[in-house]
Visitor: 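Let me begin by handing over the structure; questions about it come next.
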Amino acid sequence: MQRRAVLDLSRLPEDAPSSGSLTWWGTLAFMLIEGTGFALAVAVYLYLGSLDPGWRQGAPPPAWGPGLGVTLLLLASLVPNLLLMRWARAGDLKRTRLGLLLMAGFGTAPLLLRIFEFAAFGVSWDDSAYGSAVWLLLGLHTTHILTDLVETYVLCFLFFTRHGDHPRRYGDVQDGALYWYFVVLTWLPIFGCLYGLPRL
Amino acid sequence: MSAQPALPTAAEEAALARAWSRRPGFWGALAAVDHKVIGRRYIATAFVFLLLGGLAALAMRWQLATPEARWLTPDLYNQLFTTHGTSMMFLFAVPVMEAMGVYLLPLMLGTRNIAFPRLNAFSYWIYLAGGLLLWGSLLIDMAPDVGWFAYVPLAGPQYGAGKRADIWAQMVTFTELAALAVAISIVATVFKQRAPGMALDRMPLFAWAMLVTAFAIILAMPAVMIGSTAMILDRLVGTHFYNPAEGGDVLLWQHLFWFFGHPEVYIIFLPAVGMISTMLPTFCRRPVFGYLPLVLALVGTGILAFGLWVHHMFTTGLPRLGESFFTASSMAIAVPSGLQIFCWLATLWRAEPRPGDLTRTPMLFIIGFFATFILGGMTGVMVAAVPLDTQLHDSYFVVAHFHYVLVGGAVFPLIGALYYWFPKFTGRRLSEARGRWVAGLLILGFNLTFFPMHWLGLAGMPRRVYTYPPEMGWAGVNLFVSASALLLAAGFLLLLVDVALSLRRGAPAGDNPWDAGTLEWATSSPPPPYNFAALPVVRTAAPLWDGNGPLPVATGLATDRREVLLTTVLAASPETREPSPEDSIWPFWAALATTALLIGSIFTPWAVVWGAIPTTAALVAWFWPKTAEEDR
Ligand code: HEM
Ligand SMILES: [Cu+2]
C-alpha cells in the first residue's frame with residue numbers, strides 16, 4: 001500500500017492529563033459495572049421487601065452505632081482523598097506518600113467498624129431472605145472497600161520504592177482516588193436503604 | 001511549515017517488529033498480549049465449543065428421531081440440552097462476537113494494540129477455564145441438567161441435588177467475568193485509540209456495533225452475576241433469596257436472569273449486524289446507505305433491549321398492565337430492525353458491483369441471513385403477544401423461533417464474516433467453490449431442520465423432552481428433522497475442511513483481496529505484530545476508497561518500544577502518546593488462581609478466603625512495574 005506521511009506525532013506529550021488516559025476510562029467502565037451491580041442488589045432488597053412487608057420476621061431495625069460510624073469515617077475520608085488527588089496531580093512525592101499513608105488508615109478504620117456493623121443487624125444470612133439481602137449488600141460493599149484498600153496498600157508500598165516517582169504512578173494514584181469517591185458515594189444509598197427502610 | 005515527515009525506514013520497521021513480537025516458546029505463548037494472538041485463540045476456541053455444542057445437538061436429534069427411543073437416558077438428555085444451550089450461548093455466541101472485535105477493532109481503528117491488553121489476555125484464560133469446567137463436568141456425568149436458564153426451585157437447594165447447578169452457576173461467573181473484561185477493553189479502545197481524524201461519524205459500523213454491545217454487556221451481565229451468586233449462596237450457605245418459605249421469591253431469579261438474558265440476544269445480534277453493515281458496502285462497491293440511521297438503530301436496539309425482559313415471563317401471571325407494556329416494547333424493537341433492513345436493501349439497490357461480487361460467499365450468507373432472520377423475527381412478534389405465548393410457551397415452536405433468530409441472525413453473518421476476514425487473519429483465502437457448498441448446505445440444512453419444528457410446536461410437542469410416544473403423531477416430522485440435521489452437520493464439516501485445507505493451501509490473499517474501504521485492509525495479511533508502522537490518517541468513513549493517491553499516514557510514534565496514540569473521543573484529534581503494556585505471564589497466573597477460587601467455591605465457601613490470597617498476589621505482580629519500560 002502506497003503511503004504518504006502527512007502528520008508528525010513525535011512532539012505530542014507523553015503523559016496524558018488523568019482524565020484522558022486509558023486507565024481513567026477503564027476506571028469509569030469499572031464503576032459502571034459495579035454501580036449496576038449495586039443498583040441491582042438494592043433492587044433485590046426492595047423487591048423482596050415489597051413482596052412481603054413482614055419479611056424481616058421480627059428482626060429489629062439495625063442499631064445505629066457502627067453503621068453511623070462507618071458512614072462518618074467514609075465521609076471524613078473524602079478530605080484526605082481530595083488532598084491526595086491534588087498532591088498526586090502536582091507530582092509532589094513527599095505529600096503523595098503522606099496522602100497514601102492517610103488513605104491506608106482511612107480505608108482500614110471503616111473496615112474494622114464494619115465487623116461490628118454486621119453484628120448490629122442482629123440477623124444472620126440464613127435466618128430469612130431479609131438477612132440474606134442485608135448480608136449481600138453489606139458483603140458487596142465490604143468487598144468494594146477491601147479491593148480499593150489493597151490497591152491503596154500496594155500503591156503506598158510502591159511509592160516508598162524507586163518505582164514511585166514517575167508520572168504514570170501519579171496517574172495511578174489519581175485513578176485510585178477517583179475510585180474511592182465512588183466507594184464512598186455508593187455507600188450512601190445503601191446506608192439509606194439498610195437503615196431507613198426498616199424504620200418506616 | 002516544517003518539512004514533510006519521513007515514512008518509517010526498514011530499520012525502524014525491524015525495531016518495531018522486535019518491540020511488538022511475542023517471545024518465542026511455550027512461556028512466550030502464555031505471556032502474549034497481542035490482540036491478534038488473543039483474538040485468534042478466542043475465535044478458535046469458540047468454534048471448538050460450537051462444534052462440541054453441535055455434537056450434543058446431534059445426539060439429541062438422534063434420540064428424538066424415533067418415538068420411545070432408549071439411546072439416551074432422560075438424565076443424560078437433560079445434561080445434553082443444558083450443556084448444548086449453555087455452551088452455545090455462553091461459550092460460543094457471545095465470546096465469538098467479542099473475539100471478532102478483539103481481533104478486528106484495533107486494525108479497523110488504526111491502532112497498534114487493544115486497550116488493556118493484559119486484561120484481554122486474562123479474559124481469554126478465564127473464558128477457557130469456564131468452558132473446560134462445563135464440558136469437563138459432562139465427561140464425568142456431572143453436567144448441569146437444569147436448562148440454560150436454570151430456573152429455581154429446580155436449580156435450588158431443594159430439588160437440584162449434587163453439584164450440577166453450582167457448576168452451571170460458576171460457569172456463568174467465569175464467562176461473565178471474561179465478557180466484562182473484554183467489554184472494558186473495547187470501550188476504551190473505541191473511545192481513545194482511533195486513528196487521527198476518525199471522528200465518531202467516520203467510524204466503521206462494526207465498531208459502533210461493538211461499542212453498543214460492550215455497553216450492553218456492562219449493563220446486563222452484572223444481573224446474572226448477582227443472580228447466580230445468590231443461587232450459589234442459597235445452595236452453599238443457606239441464604240433464602242429464592243426460598244418463598246423464608247421471604248424469598250422464585251420469580252426474583254427469572255427477573256434477574258432475563259434482565260440479562262434478553263439483552264444477551266442483542267449482545268449476540270448487534271455485532272452480527274455490524275458485520276453485515278461492514279461487508280455489504282464492499283460487495284456493493286458503494287458506501288452503506290443511511291449511516292446515521294444505522295447508528296441510531298444500533299443504539300436504539302441496545303437501549304430497547306433492556307425494556308423487554310418480562311416477555312420471557314408472560315406465563316408467570318404478572319399484572320396485566322405490565323404485560324401490555326412489555327408486549328408493546330417487544331413489538332417496538334421490530335422498528336430499528338426494520339430500519340436496518342431497509343438501509344441494507346437500499347445499499348443493494350444502489351449497488352455498482354463488479355461481475356461476481358454479489359455472489360461471493362460472504363454475500364450468500366448475508367442473503368441467507370435476510371431470509372432466515374425475517375422469519376425468526378416474525379415468529380418473535382407472534383410470541384410477544386401474550387395469548388399466543390401462553391399457548392406456545394415451552395413448546396417446539398419456541399425452539400424453532402430462537403434458533404431462527406440465533407442461527408439466522410448471528411451464525412450466518414458470522415460464517416460470512418469468517419469468509420470475509422479469514423484472508424486478513426491468515427494471509428490465505430478460503431475457497432469460493434467450497435464456500436458456496438458450505439453456504440448452500442448450511443442454509444438449506446438449517447431451514448429443513450428448524451422450519452418443521454414450528455409445526456411440531458403447534459402440534460403440542462413440548463421442548464426438553466427426551467422422548468415421546470408414537471400415538472402423538474410426531475414421529476414422521478421428527479425423523480425428517482433429525483435427518484435434515486445431518487445435512488446441517490455436513491455443512492459445518494465442510495466448513496471445517498475448507499478452513500483446514502485453506503490454512504495450508506489457500507490462495508495468497510494480499511493486503512486487500514476484496515478491495516474494501518476500511519483500515520484493517522491497509523496493512524499486510526496477516527498483519528505484522530505492530531499492525532501499522534505508520535498510523536493511517538482518516539478523512540472519510542471509507543479511507544481506502546478516497547481515491548486521492550497514496551494513503552495519508554502519521555509518523556513519529558516510538559519504534560523501539562510499545563507505544564500507542566490516544567486521540568480525543570469525538571473528533572479523534574491526536575492527544576497523547578501512551579506506552580502499551582509488555583507481554584506478561586501474570587494474567588495467566590491470575591486467571592489460574594481465580595479459577596482455583598471459583599471452582600473451590602463450588603464445594604466450600606472458604607475457598608473464597610484462601611483463594612483470594614494467590615489471586616491478590618498474582619494481581620499485584622501483574623501491575624507491579626518490572627522493567628524500565630514500565631516505569632515510563
Ligand atoms: C447447529 C445446529 C443446532 C442444532 C441441530 C440444535 C438443536 C437443538 C436441540 C435439539 C435443542 C433441544 C430442544 C429440546 O429438547 O428442548 C436445542 C436447544 C437449544 N439450542 Fe440449539 N441447535 C443448534 C444450534 C444452536 C445455536 C447456534 C445456538 C445458539 C447460538 C443454540 C442455542 C440453543 C439453546 C439456548 C437451546 C435451549 C437449551 C435449553 O432448553 O436449555 N443452538 N438445540
Ligand atoms: Cu427476549
Side-chain angles (χ1 to χ4, degrees), chain A residues 1-17 20-23 25-26 28-30 32-41 43-44 47-49 51-52 54-57 125-133 135-136 140 150-151 154 158 162-163 166-169 172, chain B residues 2 4-7 115-116 180 183-184 187-188 191-192 196 218-219 221-223 225-226 230 233 237-241 243 246-249 252 255-256 259 511-512 522-523 534-535 537 549-557 565-566 568 574-579 616 620 623-625 631-632:
Chain A
M1 170 133 264
Q2 293 283 331
R3 293 167 304 173
R4 168 170 59 97
V6 296
L7 188 65
D8 183 7
L9 304 169
S10 58
R11 267 184 296 264
L12 277 183
E14 283 196 43
D15 43 348
S21 73
L22 285 178
T23 345
W25 281 96
L28 235 54
F30 225 86
L32 195 55
I33 293 174
E34 306 213 322
T36 313
F38 275 119
L40 286 163
V44 167
Y47 173 83
L48 291 177
L51 283 185
D52 173 9
W55 75 314
R56 283 196 282 126
Q57 303 188 355
W125 65 84
D126 56 359
D127 284 348
S128 62
Y130 168 69
S132 310
W135 280 73
L136 177 71
L140 274 180
V150 171
E151 196 198 319
V154 173
L158 189 133
R162 70 188 157 81
H163 298 292
H166 292 276
R168 294 187 60 73
R169 300 290 92 84
D172 292 345
Chain B
S2 60
Q4 278 268 312
L7 286 170
F116 313 122
L180 285 166
I184 294 178
V187 168
F191 276 159
K192 292 305 292 178
I218 287 176
L219 295 175
M221 302 258 171
M225 282 182 86
I226 296 254
L233 290 174
V237 298
T239 54
H240 299 292
F241 291 104
N243 178 7
E246 298 289 348
D249 180 47
L252 172 62
H255 281 297
L256 286 173
F259 184 79
D511 292 2
N512 189 358
T523 184
L535 305 189
V537 174
L551 181 75
V553 293
T555 61
L557 273 195
L565 172 70
L566 300 193
T568 54
E575 202 173 37
T576 46
R577 302 185 285 145
E578 198 170 277
T616 310
V620 171
F623 288 102
W624 194 265
D631 267 339
R632 289 182 70 89

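Numbered from 1 within each chain, the chains take letters A, B, ... in sequence-line order.
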Visitor: Can you tell which part of A:L32 gets under 4.5 Å to a heavy atom of chain B, answering side chain, backbone, both or neither?
Guide: both
Visitor: Need one label for B:F241: side chain, backbone, both or neither, based on atoms under 4.5 Å from any heavy atom in chain A.
Guide: both
Visitor: Atom CD in A:E151, atom CZ in B:F623: separation rounded to 0.5 Å?
Guide: 8.0 Å
Visitor: Counting only N and O atoms by type, is there a donor-acceptor contact under 3.5 Å from the side chain of A:S132 to the main-chain atoms of B:H240?
Guide: yes
Visitor: Using non-hydrogen atoms only, which part of A:L140 is less than 4.5 Å away from chain B: side chain, backbone, both, or neither?
Guide: side chain
Visitor: With rounding to the nearest 0.5 angstrom, report the CG to CG distance, A:L51 to B:D249.
Guide: 5.0 Å
Visitor: When rounded to the nearest 0.5 angstrom, what is the spacing between CD in B:E246 and CG in A:D127?
Guide: 8.5 Å
Visitor: Could you measure the distance from the CG atom of B:L566 to the CH2 atom of A:W25? Nearest 0.5 Å is fine.
Guide: 11.5 Å
Visitor: So for A:D172, is it side chain, backbone, both, or neither that comes closer than 4.5 Å to the heavy atoms of chain B?
Guide: neither
Visitor: Please identify, among B:P196, B:A115, B:P574, the residue contributing the most non-hydrogen atom pairs under 4.5 Å to chain A.
Guide: B:P574
Visitor: Check B:G248 against A:A129 and note the closest heavy-atom contact, atom names and distance.
Guide: N-CB, 3.4 Å
Visitor: Can you tell me if A:F30 has over 12 outside heavy atoms packed within less than 6.0 Å of its CZ?
Guide: no
Visitor: B:D511 versus chain A, heavy atoms under 4.5 Å apart: side chain, backbone, both or neither?
Guide: side chain
Visitor: Pick whichever of B:A534, B:A223, B:G556 has the most heavy-atom pairs under 4.5 Å with chain A.
Guide: B:G556
Visitor: With rounding to the nearest 0.5 angstrom, report the CH2 to CG distance, A:W125 to B:L233.
Guide: 10.0 Å
Visitor: Taking A:V150, A:L40, A:L158, A:D52 one by one, which has the highest count of heavy-atom pairs under 4.5 Å against chain B?
Guide: A:L158
Visitor: Can you tell me how far apart CG (A:D126) and CG (B:N243) are? Round to the nearest 0.5 Å.
Guide: 11.5 Å
Visitor: Taking all atoms of both residues into account, what is the closest heavy-atom pair of A:S10 and B:R577, and its distance?
Guide: O-NH2, 3.2 Å
Visitor: Side chain, backbone, both or neither: which part of B:V537 has an atom under 4.5 Å from a heavy atom of chain A?
Guide: side chain
Visitor: Looking only at heavy atoms, which two atoms of A:L12 and B:E575 are closest? And how far apart?
Guide: CD2-O, 3.7 Å
Visitor: At a heavy-atom separation under 4.5 Å, does B:T568 approach chain A through its side chain, its backbone, both, or neither?
Guide: neither
Visitor: Where do B:T555 and A:D8 land on the side-chain contact (heavy atoms from CB on, under 4.5 Å) test, with the steps shown first?
Guide: CA-CA 5 Å; B:T555 61; A:D8 183 7; 4.3 Å; yes
Visitor: Which region of A:V154, side chain (C-beta onward) or backbone (N, CA, C, O), has a non-hydrogen atom less than 4.5 Å from a non-hydrogen atom of chain B, or is it both or neither?
Guide: both
Visitor: Which residue out of B:T616, B:L252, B:L557, B:L256 racks up the most heavy-atom pairs below 4.5 Å with chain A?
Guide: B:L252
Visitor: Between B:T239 and A:L136, is a side-chain contact (heavy atoms from CB on, under 4.5 Å) present by the stated rule, with each step listed?
Guide: CA-CA 10 Å; B:T239 54; A:L136 177 71; over 6 Å; no
Visitor: Would you call A:H166 and B:P625 a side-chain contact if the rule is heavy atoms closer than 4.5 Å?
Guide: no
Visitor: Of all of B:A230, B:P552, B:G247, which one pairs up most often with chain A through heavy atoms under 4.5 Å apart?
Guide: B:P552
